Asks: 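Before I ask anything, here is the structure I am working with.
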Amino acid sequence: MMKKIFTLLAFVATITIGAQTNNDLLKHYEAFYKQMKTQGDTQGVINALTHLNILSPNQARLDTLALIYANNNQHMTAMRTIGIETKDGDSDLAVQVRALSLKALGQPKRSIEQFEIMFKRKPTPYIAYELADLKIQSGDKAGASTNIEYGLANAKDDMKYGFFERQQPYEVPIKAAFLYLKGLVQYGGDVTNSQAALATINEALALAPNFNLAALSRQAIETRQAEADKQATETKK
């Protein structure tokens, strides 16, 4: 009987010590996490959140960890952190991470699915722009046009959208960005649509003279139009 009592006491003591150790570790990594955030140490934040999730699994922390991976261009790791498949009850942050990471990984159709969820939950011109851009890439001109018209109708004068195709990133009014996309849809690779597309892209450039991507597209359309005109003239000869 005494042996059983001592065994039970030893077992309880082990559990108590384990619980204290676990709590101590949680406090340690919570403090570590705060310090790494203060220092701006991304890898330190990742390490802290990973340990915290092992000690005390928490979906909100997992979503935060996935966002940090995505912001660090570790998109596949971000996807593995929160799971590739969409689940009922996914947080807005999880959906956002999937949308951005799938876009970065060159999977526009799957990215559209996530952005559509975001847009359904809380429609904004910024999400509409992402959807329109991805739908143009996917060949869905009608869907892109719907998102573009929403964006043009709801864009505010102070809303900006950033572009990174140059060495020096720049911003333009988001309305200009929508007009640029509208011009691309109007053109659709057909030189017979050049004039309408150029007129719309010129509207975008009037709002944002620094809009390099729009200027390059205008130049490309004008060049193709000139080549088509030259070919047509030679054919008549």
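Computed from a predicted model, the values in this text were never measured in an experiment. These values consider heavy atoms only, across backbone and side chains, with no hydrogens, waters or symmetry-generated copies.
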Asks: Residues two or more places apart in sequence or in another chain: which of them pass side chain to side chain donor-acceptor pair (under 3.5 Å) with Q114?
Replies: T86
Asks: For the residue pair P173 and K160, establish whether any side-chain heavy-atom pair is separated by less than 4.5 Å.
Replies: yes
Asks: Is the number of heavy atoms from other residues, nucleotides or ligands under 6.0 Å of K103 NZ greater than 12?
Replies: yes
Asks: Please enumerate all residues that pass side-chain contact (heavy atoms from CB on, under 4.5 Å) together with K27, with sequence neighbours excluded.
Replies: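 Scan of K27 (side-chain contact (heavy atoms from CB on, under 4.5 Å), adjacent residues dropped) gives none.
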Asks: May I ask whether L102 and I82 are part of the same hydrophobic cluster, defined by side-chain heavy atoms of I, L, V, M, F, W, Y residues being less than 4.5 angstrom apart, directly or through others?
Replies: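 In one cluster with L102: I82, no.
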Asks: What's the spacing between N72 CG and T77 OG1 if we round to 0.5 Å?
Replies: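 Reported to 0.5 Å precision, the distance equals 9.5 Å.
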Asks: Less than 4.5 Å apart, side chain to side chain, heavy atoms only: is that true for D92 and K122?
Replies: no
Asks: Taking all non-hydrogen atoms of both residues into account, name the closest pair between G162 and E171 and its distance.
Replies: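 Scanning both residues completely, I find the closest heavy atoms to be CA-CG, 4.1 Å.
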Asks: With rounding to the nearest 0.5 angstrom, report the CD to CD1 distance, Q107 to I112.
Replies: 12.0 Å
Asks: In chain order, what residues pass the side chain to side chain donor-acceptor pair (under 3.5 Å) check against S101, with sequence neighbours excluded?
Replies: H75
Asks: Going by atom types alone, do T192 and D190 pair a side-chain donor with an acceptor below 3.5 Å?
Replies: yes
Asks: Taking the side chain as every heavy atom from C-beta outward, state whether Y69 and R80 have any pair of such atoms under 4.5 Å apart.
Replies: no
Asks: Given M159 and K175, is the side chain to side chain contact (heavy atoms under 4.5 Å, CB included) satisfied, shown in steps?
Replies: CA-CA 8 Å; M159 289 182 173; K175 185 176 181 180; over 6 Å; no
Asks: Looking only at heavy atoms, which two atoms of A128 and F119 are closest? And how far apart?
Replies: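 For A128 and F119, the tightest heavy-atom pair comes out as CB-CE1, 4.0 Å.
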Asks: Show me, pair by pair, the donor-acceptor contacts under 3.5 angstrom made by side chains of residues 214-222, not counting sequence neighbours?
Replies:
residue	atom	partner	partner atom	Å
S217	OG	Y180	OH	3.3
S217	OG	L213	O	3.1
R218	NH1	N202	OD1	2.8

Asks: Keeping the roles fixed (side chain from D133, backbone from Y129), state whether a donor-acceptor pair exists under 3.5 Å.
Replies: no
Asks: Just how far is it from atom CG of L55 to atom CD of E30, taken to the nearest 0.5 Å?
Replies: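 Going from the CG atom of L55 to the CD atom of E30 covers 9.5 Å.
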Asks: Rounded at 0.5 Å granularity, tell me how far CD in E113 sits from CZ in R98.
Replies: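 Interatomic distance, E113 CD to R98 CZ, rounded to 0.5 Å: 11.0 Å.
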Asks: Please report the closest heavy-atom contact between A176 and A208, naming both atoms and the distance.
Replies: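 In this case the closest contact between A176 and A208 is CB-CB, 4.1 Å.
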Asks: Would you compute the distance between atom CD1 of I174 and atom CG of L207 and round it to the nearest 0.5 angstrom?
Replies: 12.5 Å
Asks: Between D90 (side chain only) and K87 (backbone N and O only), is there a donor and an acceptor less than 3.5 Å apart?
Replies: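 Present.
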Asks: Would you list the pairs meeting ring pair (Phe, Tyr, Trp, His ring centres under 6.0 Å) in which at least one residue belongs to residues 86-114, sequence neighbours left out?
Replies: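 Pairs touching residues 86-114 that pass the test: none.
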Asks: With side chains defined as the heavy atoms from C-beta onward, is the minimum distance between L198 and Q225 less than 4.5 Å?
Replies: no
Asks: For residues 56-64, which side-chain N or O atoms pair as donor and acceptor with protein atoms under 3.5 Å away, sequence neighbours left out?
Replies:
residue	atom	partner	partner atom	Å
N58	OD1	A60	N	2.9
N58	OD1	R61	N	2.9
Q59	NE2	D63	OD1	2.9
R61	NH2	L52	O	3.3
R61	NH2	S56	O	2.4
D63	OD2	S91	OG	2.7
T64	OG1	A60	O	3.0

Asks: For the residue pair Y29 and F32, categorise the inter-ring angle as parallel (less than 30°), tilted (30 to 60°) or perpendicular (more than 60°).
Replies: perpendicular
Asks: Counting C-beta onward and ignoring hydrogens, is there a side-chain heavy-atom pair between Q186 and N193 closer than 4.5 Å?
Replies: no
Asks: Answer with yes or no whether the hydrophobic clustering places L131 together with Y161; edges join I, L, V, M, F, W, Y residues whose side-chain heavy atoms lie under 4.5 Å apart.
Replies: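 The answer is no; the residues belong to distinct hydrophobic clusters.
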Asks: Rounded to the nearest 0.5 Å, what separation is found between the CG atom of N212 and the CD atom of E165?
Replies: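 Answer rounded to 0.5 Å: 5.0 Å.
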Asks: Could you tell me whether the side chain of R224 and the main chain of G189 form a donor-acceptor pair under 3.5 Å?
Replies: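 No; judged by distance alone, with no hydrogens or angles, the pair does not exist.
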Asks: Do I201 and L152 share a hydrophobic cluster (ILVMFWY, side-chain heavy atoms under 4.5 Å, transitive)?
Replies: yes
Asks: May I ask you to decide if N47's main-chain N or O and H51's side chain share a donor-acceptor pair within less than 3.5 Å?
Replies: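 Such a contact is found between H51 side chain and N47 backbone.
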Asks: When hydrophobic residues are tied together by side-chain contacts of less than 4.5 Å, even through go-betweens, does Y150 share a cluster with F115?
Replies: yes
Asks: What verdict does the side chain to side chain contact (heavy atoms under 4.5 Å, CB included) test give for L105 and M79, after you've listed the backbone C-alpha separation in whole Å, the side-chain angles of each residue and the deciding distance to 0.1 Å?
Replies: CA-CA 10 Å; L105 292 168; M79 296 289 289; 4.3 Å; yes
Asks: Looking only at heavy atoms, what is the nearest atom pair of K120 and P123, with distance?
Replies: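 Minimum heavy-atom contact is O-CD, 4.4 Å.
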Asks: Scan D140, T146, N147 and name whichever one has a side-chain hydrogen bond (donor to acceptor under 3.5 Å, both in side chains) with K135.
Replies: N147
Asks: side-chain contact (heavy atoms from CB on, under 4.5 Å) with L181: which of L179, V185, L184?
Replies: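 Option passing the side-chain contact (heavy atoms from CB on, under 4.5 Å) with L181: L184.
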Asks: Can you confirm if the aromatic rings of F163 and F211 lie within a centre distance of less than 6.0 Å?
Replies: yes
Asks: Are L67 and L49 grouped together when hydrophobic residues (ILVMFWY) are joined by side-chain heavy atoms under 4.5 angstrom apart?
Replies: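 No.
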